[in-house]
Protein chains: 2
Amino acid sequence: MSDVAREAGVSLVTVSRVINTPEQVAPATRAAVQAVVARLGYVPNLTAGSLATSRSRIVAAIVPTIANLVFSETIEALTQTLAEGGHQLLVGQSGYRAADEAALVETFLGRRVDGLVLTGCHQPPALRVRLRQAELPVVQTWDLPEPGGAPVLDMAVGFSNVAAGAAAAGHLLGRGHRLLGFLGADEDRSRLRLQGFQAAAAAQGAEVLTALLRPPATMAQAAQRLVEMVTRQPALSAVFCNNDLLATAVLFECLRQGWDVPRRLAILGFGDLPVAELAVPPLSTVRVRRGEIGTRAGQLLLARLGHGGDAATGALAATASRVDIGFELVVRGST
Amino acid sequence: MSDVAREAGVSLVTVSRVINTPEQVAPATRAAVQAVVARLGYVPNLTAGSLATSRSRIVAAIVPTIANLVFSETIEALTQTLAEGGHQLLVGQSGYRAADEAALVETFLGRRVDGLVLTGCHQPPALRVRLRQAELPVVQTWDLPEPGGAPVLDMAVGFSNVAAGAAAAGHLLGRGHRLLGFLGADEDRSRLRLQGFQAAAAAQGAEVLTALLRPPATMAQAAQRLVEMVTRQPALSAVFCNNDLLATAVLFECLRQGWDVPRRLAILGFGDLPVAELAVPPLSTVRVRRGEIGTRAGQLLLARLGHGGDAATGALAATASRVDIGFELVVRGST
DNA sequence: TTGAAAGCGCTAACAT
DNA sequence: ATGTTAGCGCTTTCAA
């Protein structure tokens, strides 16, 4: 920067202003400095800027894994939204392990990230305390705290997985099924859906067979567990798969076994991934707007970080800091 | 840090050493400092550290989109590998747009990232120059430069997409098909495969019908274009889909149309995603070890950044800086 | 084994 | 509209 200043015959601050607040610099001076910047190929050091302003323009997100369309679409939208606000995204993967999540948070705090996006709302107490005292904008995503549970840490975007599970059961019960299967990964959100699913089934005196797969749940596991379930309990007539990919695996397995879908076995998926609509028969599923979770999370953060916002806007954002994006039951041919 | 130093009765440097090179500090001092660190909940500011050392411990990666299993699995492995070496990953999405890619590179250069991972090896000349003069470790991934094309910028991990396309055609031709279909997104890697595919077909006097979908290619587009192709050219007996998801869409469409797979239409996929093996019939496909691309890219960077490496190791890494991970034709029931 | 001094490259606050 | 001064929080000499 001092090279540029010298060559342009101005001081350091002027160069700084040309880069950050060009409108504050006289057009002639600005043009001269910009010419030197271009000629020298000068790239401002954002690290130094961050140190001076104590704002990194970096946001971190922690997801269980990025190799799952469910999360990657959220991250895609988040990256996009943040980029529009001039922020970059640092990604961390917890692998569904709480210890890894805590370690990642620690690293990100060290980087002085401007905000943090977490997956889920069931952080261990120690981590909750840590985040509180860090006074860092935090958005919890994907689940929303259930009444009576731990409150929102700061901001949250998601929906009630318990309600989604209940809606899934409601649909299948409405179709006359009395023995339901539940196939999902053994992780937070899936268990919440199971909770709602079981409660709704129990309320109508129906039974639920459960298969929780070790995360990350694979399609092969799903197909195998399905066959086991049906073999052991031939009365099983409907299964709720906690992810459309698992549902697709189950659908193919039925094709292989010669089981008619939905007559022999009804299949309900989750997520409404592209495959759901195109499958034969098309999959009934619970639609969740994954991208919107990322977009809203990004917007909440940007608002908090004072993008085009005065105090009033900040206050507004604060009131709306718990966003329920809901879910939608999409009934197609598989149920 | 000065709070810690004062409380522990030592100087700043000592605290710094306890954090970065604890073995250089006397055990008693070390323990005392660590106790204060814990008590105060001190988190070292990595931004300040980066400024002082001019090493950010951040690597950036640019992919077309993260919401595609093809790339997200690479990113997953890369994140993992880098994390083991104490580096974090900043992600950027180009959306298949060269201008966005260049803008992202500029931002990342400003962050003084320690390394950069790019998708593809067909960067525009201006960007190539920029990267050269930045003297930044760069890994190009997914394609490897073809002989006669632009050389590797610095390091590369990938395979020959042209050869993969040729292998795909070779397989279908060997099955006796004379009129082949090609279904893929209109983007670099897909076009390279098309190139190899067409060349191999032409060499045996076979014809190729091409459908290039605007990226990101959707399953719905694929199903629709397939029907168009088959309707117009009933002699079409085999189609190479440039992604197993597109192949799955095509497979379902055949089921819907009542076209037997592989007898009426043979389907060859690309990638060997989990769905390929479980589909009915299981999809023949071209297997690419997506995770390994990320792992190897991460290893190349860490080696270059001097992890456990002396000059000799650095030299070794330099010689092996073009890694061909190959591909593998997996023949299953769909061809 | 520990410490003092001098930056890293930038920006905030206050001049002018 | 532009400049001066004083840091941001750490690490790197070099010295003790």
Side-chain angles (χ1 to χ4, degrees), chain A residues 1-37 40-58 86 106-114 134-136 305-306, chain B residues 1-34 36-37 40-58 86 106-114 134 136 305-306:
Chain A
M1 186 179 253
S2 47
D3 290 352
V4 174
R6 188 176 356 89
E7 294 275 311
V10 297
S11 73
L12 280 176
V13 246
T14 302
V15 178
S16 175
R17 288 195 186 107
V18 167
I19 286 157
N20 299 303
T21 52
E23 68 283 359
Q24 287 184 15
V25 180
T29 322
R30 192 196 308 158
V33 172
Q34 280 164 343
V36 177
V37 165
L40 264 47
Y42 166 66
V43 180
N45 185 325
L46 297 181
T47 301
S50 295
L51 184 59
T53 57
S54 50
R55 298 198 53 213
S56 63
R57 300 199 148 256
I58 290 182
E106 218 53 30
T107 312
F108 293 145
L109 289 179
R111 290 253 178 245
R112 299 298 191 268
V113 295
D114 289 342
E135 294 189 0
L136 181 74
L305 298 175
Chain B
M1 187 180 253
S2 47
D3 290 352
V4 175
R6 189 179 353 91
E7 295 276 311
V10 296
S11 72
L12 282 176
V13 244
T14 302
V15 178
S16 175
R17 287 195 186 106
V18 167
I19 285 156
N20 299 303
T21 52
E23 68 282 359
Q24 287 185 15
V25 181
T29 321
R30 191 196 309 160
V33 171
Q34 280 163 344
V36 177
V37 165
L40 264 45
Y42 166 67
V43 180
N45 185 325
L46 297 181
T47 300
S50 294
L51 184 59
T53 58
S54 51
R55 297 199 53 216
S56 62
R57 300 200 147 254
I58 290 182
E106 219 52 31
T107 312
F108 293 145
L109 288 179
R111 290 249 178 250
R112 300 299 189 268
V113 296
D114 290 343
L136 181 75
L305 297 174

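Letters A, B, ... mirror the listed sequences (proteins, then strands); counts begin at 1. A quick note: this is a predicted structure, and the numbers were derived from the prediction, not measured.
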Check your understanding: Counting N and O atoms only, with roles assigned by atom type, does the side chain of A:Arg17 sit under 3.5 Å from a partner on the main chain of A:Val25, one being a donor and the other an acceptor?
Key -> no
Check your understanding: Counting only N and O atoms by type, is there a donor-acceptor contact under 3.5 Å from the side chain of B:Thr53 to the main-chain atoms of B:Gly49?
Key -> yes
For a quick test of reading the model, state the closest non-hydrogen atom pair linking [X] to [Y] and the distance between them.
{"X": "A:Ala8", "Y": "A:Val33", "value": "CB-CG2, 4.1 Å"}
{"X": "B:Arg57", "Y": "B:Asp114", "value": "N-OD2, 2.6 Å"}
{"X": "A:Leu40", "Y": "A:Glu7", "value": "CD2-CG, 4.1 Å"}

Review point. For DNA chain D, which nucleotides open and close the run of contacts to chain A, 5' to 3', at under 4.0 angstrom from a non-hydrogen atom?
Key: D:dA1 to D:dG9
Review point. At what distance, to the nearest 0.5 angstrom, does OG1 of B:Thr47 lie from CD1 of A:Ile58?
Key: 7.0 Å
Practice item. Return yes when atom CD of A:Glu135 has more than 12 non-hydrogen atoms of other residues, nucleotides or ligands closer than 6.0 Å, and no otherwise. Key: no
Check your understanding: CZ of B:Arg6 versus P of C:dG3: gap in Å, rounded?
Key -> 15 Å
**Study point:** Sugar-phosphate or base contact per nucleotide [nucleotides 6-16 of chain C; S, B, -; heavy atom under 4.0 Å]
**Key:** -BBBBSBB---
Please list, chain by chain and in numerical order, all residues satisfying side-chain hydrogen bond (donor to acceptor under 3.5 Å, both in side chains) with [X], sequence neighbours excluded.
{"X": "B:Ser50", "result": "none"}
{"X": "A:Arg111", "result": "B:Gln88"}
{"X": "A:Glu106", "result": "A:Arg130"}

**Study point:** Axis-to-axis angle between the two ends of the helix from C:dT1-D:dA16 to C:dT16-D:dA1 (five base pairs per end, rounded to 10 degrees)
**Key:** 20°
